Amino acid sequence: MTAPTARICCLDLDTFFVSVERLLDPSLEGKPVVVGAMPGKRGVVTACSYEVREFGVHSGMGIAEAYRLAPDAVYLPGQFGKYSPYAKEVKGVLERFCPVVRTASIDEFFLDFRGCGRLYHKATDRDADASIERVVGEMRQAIQDEIGLPASAGIGPTRNIAKMASGRAKPAGVKMVRVGEELAFVHPLSVRKYPGIGPVTEAKLVEQGIETLADLLDLPPGPLRARFGNLSDSVRRGVLDHTVTKLAERDRPAFHEYDEAGSTAGSISNERTFSADVGDTLKVENQLRALCERVCWRARSREISARTVTLRLRWSDFHTITRSRTLPPTHDENRVFACVKELFRVANTRGMSIRLVGVGLSNLVGPNDQLVLPFAEPSRPKVGRALDAVRERFGYDAIRLGVAGGKSNWLA
């Protein structure tokens, strides 16, 4: 068996949208820049420069809050059609250096350098890992020199290590984590740095005193192990299982979510902000139905199920709540939607229009983790798999669940 090596690379284009805007308008260089919704409109920050982050602005923040923190920043509307050609140019550079390149999103790529050590070896390289690290540095510099875009790259024995390493390499650097260095690398990192652990799961962990990945990986026997043991084991596999190196079979469309097959880490969630506050219950329910479809489709793509379903609501006055319910493990959109619809009926008592809705799945389990009871409800026909097959061939929006009211109200 071939010894494991650090051969998976994650290349991330630093502040990509901002960097493209600066190529188009060099006067923006060095200035605090925010790309996304414009002040006075509803929406969020899509990307922001390092200069504006010093004021507390970050991606995903509401634009009103960003403007309050940084009123003197330059605000630009995102025009996504002009960014894609630059991402295509970047991929062309990457393919000159590596035989296997996969697009994870418009600004992130995974590369498989396995088998390339001898190809790139020079006498000055102390070993094959050093050869790959050097070449990745040259590749990163080529993107900067030829296209004008800064990038950071992480290299490691697994996809998750490579992705976390790319974060540590910012800005415009290269970070390699060799075999045997994985635990030393991840232990001091906050739990949020692990791919798939979002803010909700992070808050639950921190509430219990689990702040770093070392805390999560080294859970002692007891209540915390009982509660977070599945997550801890999943993270350990993602860090140390060197067989988890296969990249996606095809590129992921830009802006699609990243879902690693078999991963039960963190949660799966999607949300939508309405273009105008909505008081029509039917319209809200139809959007919730679309979100249930989305999260269940993502769960099936991971080959996992969820025990906990969560509804998120934000009213027009920005008051926000979450409500959750535990079910037998499922990834069936009809069951999830029935639960979400009931949570919405009970929670929507304020008599105000709704600004945002979200649906989340958590307490995730793999197929081998589910306990089947002798009187469990029989499985439904595999409709979800049939839907997935159609979407795989024709795209996600090719087929959708029927909607109430006799007409479509899709807002996704």
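Note that the coordinates shown come from a computational prediction; the quantities given were computed from them, not determined experimentally.
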Asks: Quick one: does R192's side chain get under 4.5 Å of P199's, heavy atoms only?
Replies: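 Touching, per the 4.5 Å side-chain cut-off.
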Asks: Does OH in Y67 sit with more than 12 non-hydrogen atoms of other residues, nucleotides or ligands closer than 6.0 Å?
Replies: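 No, the 6.0 Å shell around OH holds no more than 12 heavy atoms from other groups.
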Asks: How many angstroms lie between NZ in K341 and OG1 in T281, if you round to the nearest 0.5 Å?
Replies: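 One gets 10.5 Å once the value is rounded to the nearest 0.5 Å.
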Asks: Salt bridge check: are R314 and E271 linked by an N-O gap of less than 4.0 Å?
Replies: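 No salt bridge links R314 with E271.
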Asks: Looking at V52 and P32, what are the two nearest heavy atoms and their distance?
Replies: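 Looking at all heavy atoms of both residues, the closest pair is CB-CB, 3.7 Å.
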Asks: What I want to find out is whether R300 reaches E333 closely enough, with some N-O distance under 4.0 Å, to be called a salt bridge.
Replies: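 Here R300 pairs with E333 in a salt bridge, since their nearest N and O are under 4.0 Å apart.
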Asks: Any chance you could measure T103, atom OG1, to F109, atom CZ, to the nearest 0.5 Å?
Replies: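 The distance works out to 4.5 Å.
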Asks: Could you check whether any side-chain heavy atom of R102 comes within less than 4.5 Å of a side-chain heavy atom of V100, counting everything from C-beta outward?
Replies: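 Counting from C-beta outward, R102 and V100 do come under 4.5 Å.
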Asks: Looking at L356 and F274, what are the two nearest heavy atoms and their distance?
Replies: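 Nearest pair, atom of L356 first, then F274: N-CD1, 4.3 Å.
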Asks: Is any side-chain N of the basic residue among R22 and E51 closer than 4.0 Å to the acidic one's carboxylate O?
Replies: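 Here R22 pairs with E51 in a salt bridge, since their nearest N and O are under 4.0 Å apart.
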Asks: For E133 and R126, run salt bridge (charged side-chain N to carboxylate O under 4.0 Å, His left out): C-alpha distance rounded to whole Å, both residues' side-chain angles, the deciding distance at 0.1 Å, then the answer.
Replies: CA-CA 11 Å; E133 184 175 13; R126 66 186 178 96; over 6 Å; no
Asks: I want to check something: taking the side chain as every heavy atom from C-beta on, are I8 and I161 in contact at a cut-off of under 4.5 Å?
Replies: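 I8 does not reach I161 side chain to side chain.
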Asks: Which atom names give the shortest non-hydrogen contact between S19 and L149, and what distance separates them?
Replies: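 Closest pair (atom of S19, atom of L149, distance): CB-CD2, 3.7 Å.
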Asks: How long is the straight-line distance from CE of M176 back to SG of C9, given to the nearest 0.5 Å?
Replies: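 Rounded to the nearest 0.5 Å, the SG-CE separation comes out at 9.0 Å.
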Asks: What distance do S305 atom OG and L364 atom CG have between them, rounded to the nearest 0.5 Å?
Replies: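 One gets 9.0 Å once the value is rounded to the nearest 0.5 Å.
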Asks: Are the charged groups of D233 and R225 less than 4.0 angstrom apart, N to O?
Replies: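 Judged by the 4.0 Å cut-off on N to carboxylate O distance, D233 and R225 do form a salt bridge.
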Asks: If only side-chain N and O atoms count, and only distance matters, is there a donor-acceptor pair under 3.5 Å linking D25 with S27?
Replies: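 Short answer, yes.
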Asks: Is any side-chain heavy atom of Q208 less than 4.5 Å from a side-chain heavy atom of R227?
Replies: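 Yes - at least one pair of side-chain heavy atoms lies under 4.5 Å apart.
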Asks: Charged N to carboxylate O under 4.0 angstrom, D72 versus K31?
Replies: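 Salt bridge between D72 and K31, a charged N being under 4.0 Å from a carboxylate O: no.
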Asks: For the residue pair S362 / S267, report whether a side-chain donor-acceptor contact shorter than 3.5 Å exists.
Replies: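 No, S362 and S267 have no side-chain donor paired with an acceptor closer than 3.5 Å.
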Asks: How far apart are the C-alpha atoms of T322 and L313, what are their side-chain angles, what is the distance that settles it, and do they pass the side-chain contact (heavy atoms from CB on, under 4.5 Å) test?
Replies: CA-CA 6 Å; T322 58; L313 286 180; over 6 Å; no
Asks: Quick check: does any side chain N or O of S232 sit under 3.5 Å from a backbone N or O of G229, one acting as donor and the other as acceptor?
Replies: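 Checking the backbone N and O of G229 against the side chain of S232, no donor-acceptor pair under 3.5 Å is found.
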Asks: Do R140 and S152 have side chains that approach each other closer than 4.5 Å (heavy atoms only, starting at C-beta)?
Replies: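 The answer is no, as the side chains (C-beta and beyond) never meet within the 4.5 Å cut-off.
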Asks: Please check this pair: side chain of N160 against backbone of V239, looking for a donor-acceptor N/O pair closer than 3.5 Å.
Replies: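 Checking the backbone N and O of V239 against the side chain of N160, no donor-acceptor pair under 3.5 Å is found.
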Asks: Might you point out which heavy atoms bring P77 and Y83 nearest each other, and give the distance in Å?
Replies: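 Heavy atoms of P77 and Y83 come nearest at O-OH, 4.3 Å.
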Asks: For the NZ atom on K170, are there more than 12 heavy atoms of other groups (residues, nucleotides or ligands in this structure) within a distance under 6.0 Å?
Replies: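 Yes - once you tally the heavy atoms of other residues, nucleotides and ligands closer than 6.0 Å, there are more than 12.
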Asks: When you look at W315 and R355, which way does the side-chain contact (heavy atoms from CB on, under 4.5 Å) test go after all the steps?
Replies: CA-CA 5 Å; W315 283 274; R355 177 184 177 89; over 6 Å; no
Asks: Please tell me if the side chains of R7 and I155 come closer than 4.5 Å, counting only heavy atoms from C-beta onward.
Replies: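 R7 vs I155: side chains apart.
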Asks: Is it the case that the side chain of S269 and the backbone of V359 share a donor-acceptor pair, with hydrogens and angles ignored and the cut-off at 3.5 Å?
Replies: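 Side chain of S269 to backbone of V359, a donor-acceptor pair under 3.5 Å: no, none is there.
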Asks: Give a yes or no on whether a salt bridge exists between E285 and R289, defined as a side-chain N under 4.0 angstrom from a carboxylate O.
Replies: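 Looking at E285 and R289, the cut-off is not met.
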Asks: Within a reach of under 6.0 Å around CZ of R53, are more than 12 heavy atoms found that belong to other residues, nucleotides or ligands?
Replies: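 Yes, the 6.0 Å shell around CZ holds more than 12 heavy atoms from other groups.
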Asks: Is there a donor-acceptor contact under 3.5 Å linking the side chains of E202 and Y194?
Replies: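 Judged by distance alone, the side chains do not pair up.
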Asks: How far does NE2 of H121 sit from SG of C116, to the nearest 0.5 angstrom?
Replies: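 Reported value, rounded in 0.5 Å steps: 14.5 Å.
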Asks: Look at R323 together with E342 and state whether they make a salt bridge at an N to O cut-off of under 4.0 Å.
Replies: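 Salt bridge absent between R323 and E342.
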Asks: Got V174 and R134 here, is their nearest side-chain heavy-atom distance under 4.5 Å?
Replies: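 They are not in contact (no side-chain heavy atoms under 4.5 Å apart), so the answer is no.
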Asks: Indicate whether the side chain of S166 and that of D12 have a donor and an acceptor atom separated by less than 3.5 Å.
Replies: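 Not at all, the side chains of S166 and D12 share no donor-acceptor pair under 3.5 Å.
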Asks: Minimum heavy-atom separation for L111 and M139, please, with both atom names.
Replies: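 Between these two residues, the closest heavy atoms are CD2-SD, 3.9 Å.
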Asks: Please check if any side-chain donor atom of D277 sits under 3.5 Å from a side-chain acceptor atom of S353, or the reverse.
Replies: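 Side chains of D277 and S353: no pair found under 3.5 Å.
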Asks: Check whether any side-chain N or O of T212 sits under 3.5 Å from a backbone N or O of L189 as a donor-acceptor pair, and report yes or no.
Replies: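 Absent.
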Asks: Just by distance, do the side chain of R302 and the backbone of I268 share a donor-acceptor pair under 3.5 Å?
Replies: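 It does not hold such a pair.
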Asks: List the atom of V34, the atom of A73, and the distance in Å for their closest heavy-atom pair.
Replies: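 Closest heavy-atom pair between V34 and A73: CG2-CB, 4.4 Å.
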Asks: Is T320 reaching over with its side chain to a backbone N or O of F318, donor-acceptor style, under 3.5 angstrom?
Replies: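 Yes; at least one donor-acceptor contact below 3.5 Å.
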Asks: Is it true that a side-chain atom of R178 and a backbone atom of D129 form a donor plus acceptor pair closer than 3.5 Å?
Replies: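 No.
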Asks: Are K204 and E207 ion-paired here, with the side-chain N under 4.0 Å from a carboxylate O?
Replies: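 So K204 does not pair with E207 through a salt bridge.
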Asks: Atom CG of L183 and atom CG of L217: how far apart are they, to the nearest 0.5 Å?
Replies: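 Reported to 0.5 Å precision, the distance equals 6.5 Å.
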Asks: Any donor and acceptor pair, going by atom type alone, linking the side chain of T15 with main-chain N or O of V18 inside 3.5 Å?
Replies: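 No, T15 side chain to V18 backbone: no donor-acceptor pair under 3.5 Å.
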Asks: Could you check D215 against H187 for side-chain contact (heavy atoms from CB on, under 4.5 Å), going step by step and ending with a plain yes or no?
Replies: CA-CA 8 Å; D215 297 333; H187 271 175; over 6 Å; no
Asks: Please confirm whether the backbone N or O of D127 pairs with a side-chain atom of D125, one donor and one acceptor, at under 3.5 Å?
Replies: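 No, because the side chain of D125 does not come within donor-acceptor range (under 3.5 Å) of the backbone of D127.
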Asks: Just so I know, are the side chains of L327 and C339 near enough to count as touching, which here means a heavy-atom distance under 4.5 Å?
Replies: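 A side-chain contact under 4.5 Å exists here.
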Asks: Indicate whether any N or O donor in one side chain lies under 3.5 Å from an N or O acceptor in the other, for D107 and S105.
Replies: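 Indeed, the side chains of D107 and S105 share at least one donor-acceptor pair under 3.5 Å.
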Asks: Walk me through it: do R168 and F185 pass the test side-chain contact (heavy atoms from CB on, under 4.5 Å)?
Replies: CA-CA 10 Å; R168 299 292 290 177; F185 170 67; 3.6 Å; yes
